[in-house]
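Okay, structure first, notes after.
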Amino acid sequence: MEAKEPKKLSKKKLLVAAVAVIFVLLVILRACGKGEDIESKPLATVSVGTPEKGDISVETSLVGTVEPGDVYYVMPKAAGEILNIYVKAGDTVEAGDPICDIDNSKAVDGAKIALDSAKVQLKTANEAKALAKTNLDRMQALLASGDISQQAYESTKNGYDQASAAADGAKLQLESAQLQYDTQVEFSTVTSPVSGIVESTNMSLNAMASQSSQVCVVSSNSANKVIFYVTDRLLSSLNVGDQVQIKKQGSVYKGHLTKLETLPDKASGLYEAEAEFAGSDAVAKGAKVKVFFDSEKAENAMLVDTDSIYYDGGKTYIYTIAYNDEATEQAEGATIAEGNRAATVHKNEVKTGISDNNKTEVLEGINADSIVIKTWTSQLYEGAQVQVLSAED
């Protein structure tokens, strides 16, 4: 029996087999290459630090207006025609210097008549009292000799007491009339209530003035002040005496709060604040300035770099590390630069407080011994392996 010859593979099948072998070899080589990359890939490098204790504050800036230290709106105390004007805007005055004369002659004349009448009444009352005293002395002598009864003496004494009371009343009436007269005479001349500068005037000769009409504004010689307005949130963080800074055209002046209104302005709903500052004479009255103050502050707080804070899904996080032991480092088999240490990343949800451009207060989530990652890398996630820069680096 003749032996059968083996079947020959077609060229097409041979080509497919060759391609398959080549593909398998490529996969093996690629896998080997990847394995080498993984083994030699270095860990992400980070720098770390621990939280520090310190003070932190948030500075707020508002616009204020410089005004004279004490401003007096001078108004007449009597109505009448303006007869004389003694000052103009910019004049320097002393307390008690005349501002203008008011024609209140009718009131003065009326007060003079009342004064003269009170003088006459007092004179009459004193004469009646003197007569009653003479009668009382005579009746007392008669009572002692038994020539009159006790009842007659008591009647005379009552008359004297009434005359004496009437004289005392007339004296008080005279004093009141004198005061009224002096007051009306005083009201005829409007005077400066304080030493200072006449800021503005609102009066003219022969014009009528009343007790509600302002004739001038006088600013005292005390230091200028700045007026600004704050919200209710800022009001709760401020106290009289707090330090402020006033800035105008590159110059900085130190000052402090002197007044805080507790009722809001009806128009704006804001609260008026007032501050005095040194060197205020160098700033023109009415000038707009910047007012800086600490609206929030915390002392001896736990602080971290603001760049160490991350946000995810509406929550706040800080990444910390825990150093690996030697066995763990070898097990990872990753490349670590000389002097660096391998560590495991932990993601900590925290609660923060006051923050500025450099530091942020941490209230909850880490402690003073936590080792915080200070640099960013895309490899930051819970359980990630990183290498920590040596202290020298």
Side-chain angles (χ1 to χ4, degrees), residues 70 72-87 93-196 198 201-216 218 220:
D70 292 307
Y72 295 83
Y73 300 93
V74 183
M75 298 181 181
K77 296 180 180 179
E81 181 182 355
I82 298 177
L83 300 177
N84 299 294
I85 297 176
Y86 300 104
V87 298
V93 294
E94 299 294 330
D97 283 354
I99 300 295
C100 64
D101 288 334
I102 301 293
D103 182 10
N104 65 331
S105 55
K106 291 183 178 180
V108 173
D109 293 342
K112 183 64 168 62
I113 292 172
L115 176 61
D116 293 341
S117 176
K119 289 179 179 179
V120 172
Q121 291 178 6
L122 178 59
K123 180 180 179 182
T124 302
N126 284 335
E127 291 174 351
K129 178 181 177 181
L131 179 59
K133 182 65 170 63
T134 300
N135 290 335
L136 180 62
D137 292 341
R138 184 171 57 84
M139 295 299 286
Q140 189 171 13
L142 293 174
L143 177 64
S145 63
D147 293 334
I148 61 170
S149 64
Q150 182 68 33
Q151 183 178 3
Y153 172 79
E154 292 295 337
S155 177
T156 303
K157 187 176 184 305
N158 289 339
Y160 170 76
D161 291 342
Q162 292 175 4
S164 179
D168 291 341
K171 182 181 179 182
L172 292 175
Q173 288 292 334
L174 176 61
E175 291 175 353
S176 177
Q178 184 69 57
L179 177 61
Q180 182 64 20
Y181 174 76
D182 293 342
T183 298
Q184 291 302 325
V185 172
E186 179 185 345
F187 286 176
S188 64
T189 300
V190 180
T191 59
S192 175
V194 67
S195 298
V198 178
T201 62
N202 184 29
M203 53 185 170
S204 57
L205 287 175
N206 306 123
M208 295 299 297
S210 67
Q211 292 93 327
S212 60
S213 63
Q214 175 184 305
V215 294
C216 72
V218 179
S220 71

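As a basis for the values below, the full set of heavy atoms in this structure was taken, side chains included, without hydrogen atoms, waters or symmetry mates.
Counting only distance, with no hydrogens or angles, the side chain of Ser117 and the backbone of Ile113 share no donor-acceptor pair below 3.5 Å. At distances below 3.5 Å, at least one donor-acceptor pair connects side-chain atoms of Ser145 with backbone N or O atoms of Leu142.
Legend: residues meeting side-chain contact (heavy atoms from CB on, under 4.5 Å) with Tyr86, ordered by chain and number and at least two apart, are Asn84, Pro98, Asp101. Take Glu81 and apply the side-chain hydrogen bond (donor to acceptor under 3.5 Å, both in side chains) test, not counting sequence neighbours, and it matches Asn206. Legend: residues meeting salt bridge (Lys or Arg N to Asp or Glu O under 4.0 Å) with Asp137, ordered by chain and number and at least two apart, are Lys133. The side-chain hydrogen bond (donor to acceptor under 3.5 Å, both in side chains) test applied to Thr134 returns no partner, not counting sequence neighbours. By the side-chain contact (heavy atoms from CB on, under 4.5 Å) test, Val194 is found to be paired with Tyr72, Val218, Ser220, residues two or more places apart in sequence or in another chain being considered. For Ser213, the side-chain contact (heavy atoms from CB on, under 4.5 Å) partners at least two apart in sequence or on another chain are Pro76, Ala209, Ser210. Not a single side-chain contact (heavy atoms from CB on, under 4.5 Å) links Ala114 to another residue, sequence neighbours left out. Under the rule for a side-chain hydrogen bond (donor to acceptor under 3.5 Å, both in side chains), Ser149 has no partner lying at least two apart in sequence or in another chain. Applying the side-chain hydrogen bond (donor to acceptor under 3.5 Å, both in side chains) test to Gln184 and every residue at least two apart in sequence or in another chain returns Asn104.
Of all non-hydrogen atoms in Gln214 and Met75, the two that sit nearest each other are CA-CG, 3.9 Å. The two residues Ile85 and Leu205 come nearest to each other via the heavy atoms CD1-N, 3.7 Å. Counting all heavy atoms, side chain and backbone alike, Val198 lies closest to Thr201 at CG1-CG2, 3.7 Å. Between Leu143 and Gln150, the shortest heavy-atom contact is CD2-OE1, 3.4 Å. Pairing each heavy atom of Ser195 with each of Glu94, the nearest pair is OG-OE1, 2.9 Å.
The stretch residues 173-185 participates, sequence neighbours left out, in no salt bridge (charged side-chain N to carboxylate O under 4.0 Å, His left out) pair at all. Applying the salt bridge (charged side-chain N to carboxylate O under 4.0 Å, His left out) test to pairs two or more places apart or on separate chains, those with a residue in residues 105-124 are Lys112-Asp116. Within the structure, the salt bridge (charged side-chain N to carboxylate O under 4.0 Å, His left out) test picks out the following pairs touching residues 149-174 (sequence neighbours left out): Lys157-Asp161.
Within the model, atoms CG of Leu174 and CD of Gln121 stand 9.5 Å from one another, a figure rounded to the nearest 0.5 Å. To the nearest 0.5 Å, atoms CD (Gln173) and CG (Leu115) are separated by 11.5 Å. Distance CD/Glu127 to CG/Leu122: 10.0 Å, rounded to 0.5 Å. A distance of 4.5 Å separates CG in Leu83 from CG in Asp103, rounded to the nearest 0.5 Å.
Here the side chains of Pro193 and Val74 are in contact, with some heavy-atom distance below 4.5 Å. Put simply, the side chain of Ile82 reaches to within 4.5 Å of the side chain of Ile102, judged on heavy atoms. Annotation: side chain of Tyr181 is in contact with side chain of Val185 (closest heavy-atom distance under 4.5 Å). At a threshold of 4.5 Å between non-hydrogen side-chain atoms, the residues Met203 and Ile99 count as touching.
Environment of CD in Gln151: sparse, with no more than 12 heavy atoms of neighbouring residues, nucleotides or ligands closer than 6.0 Å.
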